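Could you have a look at this structure, given as structure tokens, before my questions?
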There are 2 protein chains.
Amino acid sequence: MDRGLASVMAETSKPPLAKRYHHGDLERALLAAGRRLLERDGLTALSMRGLAREAGVSATAPYHHFKDHAALLYAIGREGSADLAAALRDARDTHPYGRDQMIAVSVAYVEFALANPGMYQLMSDTTRLRDSVPPEDDPEGAIPRLIGQAFSGALPPTHDDVDRRLRNALIWATLRGLVDVAQFRFADPLKDLLGSERAFLEAVLDRIPMAREA
Amino acid sequence: MDRGLASVMAETSKPPLAKRYHHGDLERALLAAGRRLLERDGLTALSMRGLAREAGVSATAPYHHFKDHAALLYAIGREGSADLAAALRDARDTHPYGRDQMIAVSVAYVEFALANPGMYQLMSDTTRLRDSVPPEDDPEGAIPRLIGQAFSGALPPTHDDVDRRLRNALIWATLRGLVDVAQFRFADPLKDLLGSERAFLEAVLDRIPMAREA
DNA sequence: TGTACATCAGTGAACGCGCGTTCACTGATGTAC
DNA sequence: TGTACATCAGTGAACGCGCGTTCACTGATGTAC
């Protein structure tokens with residue numbers, strides 16, 4: 001259904017821009033198919049052949065758009081990074097004030113990971129291997145920056161730069177770990193008790209004490 | 001070398017117990033080979049065939065000891081859980097007092113994960129799929145318990161059970177996230193500055209404020 | 001406007017790989033008499 | 001003590017699978033004249 005809609009749209013908008021070879025469409029379709037695979041069947045399902053199959057195209061067609069498997073993963077990971085950055089910006093803009101903003105941005109981060117586990121895993125793998133990746137226009141850079149800004153608005157300023165960076169490390173760890181913990185069984189009764197997953201996340205984040213000192 | 005030692009020991013102790021078919025040795029050798037593979041080449045290298053190759057045995061021999069691939073992963077994951085639990089117990093016993101103990105146990109957890117990344121990944125996967133695993137003598141249960149005890153000794157008691165569980169969730173998240181964060185590039189200068197990875201971990205954990213309130 | 005040409009996205013066959021798993025077997029060992 | 005037997009750990013061939021990647025190709029499209 002989602003796919004039907006997409007292809008109808010693709011057919012409807014025949015001359016999308018001035019330059020119109022018979023280019024472009026498959027690449028977008030492949031990226032969309034890749035994200036569908038990623039969320040439906042997980043990171044291991046995101047193979048070149050699986051991608052071609054999902055897009056209804058021959059097994060080798062994707063090679064005209066992605067040099068190899070790693071390039072495909074990289075391209076899709078970039079899309080995920082852009083989406084996450086957008087979600088964080090949105091949370092920031094709708095919650096303009098210190099502590100409230102910090103929690104909103106954090107919740108947005110964790111909720112993105114929970115809603116897109118395959119993408120989050122891909123992004124994490126890419127992050128871990130980051131050194132072997134062209135850092136030129138590194139879109140991942142935006143995410144730590146957004147989070148750092150949200151927290152620095154909520155925390156008391158510190159003269160000690162090392163202390164500041166250690167606090168940032170702790171905050172990063174908390175967010176990343178919360179993604180795991182929210183998926184554990186033992187969190188289920190707490191979510192029920194508090195009424196929703198989001199309430200659970202907010203309650204946990206509310207116990208980050210550095211923010212309390214603000 | 002490790003392997004040489006093990007096989008020498010195995011040969012030396014010929015009649016290890018009363019009952020002595022030609023049993024037992026390969027299973028231990030396979031588990032050892034599996035752990036070697038896991039740390040040397042990562043979780044994806046831990047295949048039935050790779051295991052047999054590493055142990056110098058035919059590709060199908062492991063099937064006499066592990067029903068299938070999942071059973072192999074499960075068995076090796078159990079060993080990892082036992083090791084981690086032992087490391088946590090050791091940290092607890094050598095640091096008997098509240099806050100000091102909490103940090104020592106936490107550091108032991110993170111250091112285990114950093115020193116055994118393949119095993120930690122396997123254990124995490126197993127944990128995530130825990131519901132589909134026989135919970136009878138679940139050795140994983142010991143790890144949350146040890147961590148929970150270490151923290152409850154360092155934190156002020158709370159009357160509110162929900163509050164206590166939310167704090168536990170935050171602590172869990174911090175530990176698991178710290179495993180990631182300690183591997184990020186941006187942690188490297190902090191490790192250098194503080195003199196060691198352990199010092200970095202302790203410094204971050206020292207900023208968990210709930211412990212400060214104790 | 002019409003035709004020849006160049007471009008290049010997409011095809012389909014083929015390669016070699018490692019995997020999990022099955023099956024009938026072999027051979028060393030322990031047990032029963 | 002000696003022999004026949006049962007057990008069962010380990011073997012080797014074989015299966016079907018999905019993968020990444022190459023290669024020569026085809027065919028639709030845009031461009032040049």
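Please read these numbers as outputs of a predicted model, since none were measured by experiment. Chain A is the first sequence line, chain B the second, and so forth, proteins listed ahead of strands; every chain is numbered from 1. Just so it is clear, the values below take in all heavy atoms, side chains as well, and ignore hydrogens, waters and symmetry mates.
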Original post:
Just how far, in rounded Å, is C1' of dA9(D) from CZ of Arg28(B)?
Top reply: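 Nearest whole value for this atom pair: 16 Å.
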**OP:** Compare the minimum distances between each of dC19(C), dG20(D), dT21(C) and the side chain of Asp68(B), then state the nucleotide with the smallest one.
**Re:** dT21(C)
**OP:** Could you list the residues that satisfy salt bridge (charged side-chain N to carboxylate O under 4.0 Å, His left out) with Arg89(A), not counting sequence neighbours?
**Re:**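 In terms of salt bridge (charged side-chain N to carboxylate O under 4.0 Å, His left out), with neighbours along the sequence ignored, Arg89(A) is linked to no residue.
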Original post:
What pair of heavy atoms forms the shortest contact from Ala108(B) to Ala87(B), and how long is it?
Top reply: CB-O, 4.1 Å
Original post:
Does Asp161(B) pair with Arg164(B) as a salt bridge, N-O distance under 4.0 Å?
Top reply: yes
Subject >> Sequence-distant partners of His95(B), side chain to side chain donor-acceptor pair (under 3.5 Å), two or more places apart >> reply: Asp100(B)
Subject >> Separation of dA9(C) C1' from Glu27(A) CD (nearest whole Å) >> reply: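 It is 12 Å, rounded to the nearest whole Å.
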Original post:
By side-chain contact (heavy atoms from CB on, under 4.5 Å), which residues pair with Ala150(A), not counting sequence neighbours?
Top reply: Gln101(A), Val105(A)
Subject >> Residues that Asp83(B) engages under side chain to side chain donor-acceptor pair (under 3.5 Å), provided they are two or more places apart >> reply: Arg35(B)
Original post:
Taking only residues two or more places apart in sequence, or in another chain, which ones meet Arg49(B) in a salt bridge (charged side-chain N to carboxylate O under 4.0 Å, His left out)?
Top reply: none
Original post:
Tell me: CG of Asp25(B) to C1' of dT29(C), nearest whole Å?
Top reply: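 Value for this atom pair: 14 Å.
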Original post:
Could you give the CG-to-C1' distance, from Leu72(A) to dC19(D), as a whole number of Å?
Top reply: 14 Å
Original post:
What pairs with Glu197(A) under side chain to side chain donor-acceptor pair (under 3.5 Å), at least two apart in sequence or on another chain?
Top reply: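 Side chain to side chain donor-acceptor pair (under 3.5 Å) list for Glu197(A), sorted by chain: Lys191(A).
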Subject >> Rounded distance in Å - CD (Glu54(A)) to P (dC19(D)) >> reply: 12 Å
Subject >> For atom CZ of Phe66(A) and atom P of dA9(C), their distance in whole Å >> reply: 13 Å
**OP:** Indicate whether OP1 or OP2 belonging to dT22(D) is found under 4.0 Å from a side-chain N or O atom of Tyr63(A).
**Re:**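 For dT22(D), OP1/OP2 do not have a side-chain N/O of Tyr63(A) under 4.0 Å.
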Subject >> d(CG, Leu37(A); C1', dC19(D)) in whole Å >> reply: 14 Å
**OP:** Mind checking side chain to side chain donor-acceptor pair (under 3.5 Å) for Arg198(B) and listing every partner two or more places apart, or none if nothing turns up?
**Re:** Glu111(B)
**OP:** Could you tell me the separation between the CG atom of Leu51(A) and the P atom of dT21(D), rounded to a whole number of Å?
**Re:** 13 Å
**OP:** Toss me the dot-bracket line for DNA chain D: Watson-Crick and G-U wobble, both under 3.5 Å, 5' to 3', using | for pairs to another strand and [ ] for crossers.
**Re:** .||||||||||||||||||||||||||||||||
Subject >> Protein-to-nucleotide contact annotation, 5' to 3' order, nucleotides 11-17 of chain D [B base; S sugar-phosphate only; - none; under 4.0 Å, heavy atom] >> reply: BBBB---
Original post:
Which of these nucleotides, dA9(D), dT21(C), dG18(D), is closest to any side-chain atom of Arg53(A)?
Top reply: dG18(D)
